[in-house]
Amino acid sequence: MNPGVPILRLGDVLLSGLLDDLDDATALAFTDELADRIADEGIRGVVIDISRLELIDSFVARVLMQLADTGRLLGTRMVVAGMRPAVAITLSELGLQLTGVQTALNAEQAMELLGWRRPAEAAEEAPHAP
């Protein structure tokens, strides 16, 4: 039995990742769980890390676009992080565009795009007591 795709929460941002072995049932369950959590938990941003994907096909690209559409309709921003050069080239060659999806080189940059900072950075910017 497939355990599904783990989804972590960091403040008001959800962080997850996709693997090469994504099938229809897992993709549907992942999309449903993500939508439910966005709505139930007041999530404002979602990061999908695809750095473990060696290759991408039209199915995975369609799942990413569907996730972005669902997130946008629920009022959240979607950022895809960690796209490998081969994946970007394949998407381009297939003529597939991830419409409505922001991209970042890695998950940390994706979190920064969503306004999330490490606690040490936030503490440095906080006003100090006199």
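All values reported here derive from a predicted model rather than from experimental measurement. Position 1 is the first residue of the sequence, and the numbers go up from there.
- Inter-residue side-chain proximity for Leu53 and Val60 is flagged as met; some heavy-atom pair is nearer than 4.5 Å.
- Atom CG in Leu114 sits 11.0 Å away from atom CD1 in Ile43 (nearest 0.5 Å).
- Following chains of ILVMFWY side-chain contacts shorter than 4.5 Å, one can reach Leu10 starting from Val47, so the two form part of one hydrophobic cluster.
- Sorted by first then second residue, the salt bridge (charged side-chain N to carboxylate O under 4.0 Å, His left out) pairs that include residues 90-105, not counting sequence neighbours, number zero.
- When the side chains of ILVMFWY residues are joined at heavy-atom separations under 4.5 Å, either directly or via intervening members, Met83 and Leu94 end up in a single hydrophobic cluster.
- Panel note: side chain Thr90, backbone Ala86; a donor-acceptor pair is recorded below 3.5 Å.
- Taking CG of Leu64 as the reference point, atom OG1 of Thr103 lies at 11.5 Å (rounded to 0.5 Å).
- Looking at residues two or more places apart in sequence or on another chain, you find a salt bridge (Lys or Arg N to Asp or Glu O under 4.0 Å) between Asp69 and Arg72.
- When all heavy atoms are compared, the tightest approach of Ala61 to Leu96 is CB-CD1, 3.7 Å.
- The shortest heavy-atom contact between Gly45 and Thr76 is N-OG1, 2.9 Å.
- Using a 4.5 Å cut-off on side-chain heavy atoms (C-beta onward), Leu34 and Val46 make contact.
- The shortest side-chain heavy-atom distance between Gln109 and Asn106 falls under the 4.5 Å cut-off.
- Applying the side chain to side chain contact (heavy atoms under 4.5 Å, CB included) test to Leu28 and every residue at least two apart in sequence or in another chain returns Asp32.
- With sequence neighbours left out, Ala35 forms a side chain to side chain contact (heavy atoms under 4.5 Å, CB included) with Thr70, Leu74.
- Interatomic distance, Asp36 CG to Thr31 OG1, rounded to the nearest 0.5 Å: 11.0 Å.
- Ala81 and Ala110 make their closest contact through CB-CB, 3.9 Å (heavy atoms, listed as atom of the first residue, atom of the second, distance).
- The side chain to side chain donor-acceptor pair (under 3.5 Å) search around Gln66 returns none, not counting sequence neighbours.
- Residues forming a salt bridge (Lys or Arg N to Asp or Glu O under 4.0 Å) with Arg77 (at least two apart in sequence, or on another chain): none.
- To the nearest 0.5 angstrom, Asp24 atom CG is 4.0 Å from Phe59 atom CZ.
- The side chain to side chain contact (heavy atoms under 4.5 Å, CB included) check on Met65 picks up Leu98, with sequence neighbours excluded.
- With sequence neighbours excluded, the residues satisfying side chain to side chain donor-acceptor pair (under 3.5 Å) with Asp12 are Arg44.
- Among residue pairs with one or both ends in residues 46-56, those qualifying as salt bridge (charged side-chain N to carboxylate O under 4.0 Å, His left out) are Glu54-Arg84; sequence neighbours excluded.
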Please step through side chain to side chain contact (heavy atoms under 4.5 Å, CB included) for the pair Gln102 and Met78, ending with a clear verdict.
CA-CA 6 Å; Gln102 288 184 282; Met78 175 78 62; over 6 Å; no
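- For Ser16, the side chain to side chain contact (heavy atoms under 4.5 Å, CB included) partners are Val5, Ile7, Phe30, Ile48, not counting sequence neighbours.
- Residues that satisfy the side chain to side chain donor-acceptor pair (under 3.5 Å) test with Arg62, not counting sequence neighbours, are absent from this structure.
- Looking at residues two or more places apart in sequence or on another chain, you find no salt bridge (Lys or Arg N to Asp or Glu O under 4.0 Å) involving Asp57.
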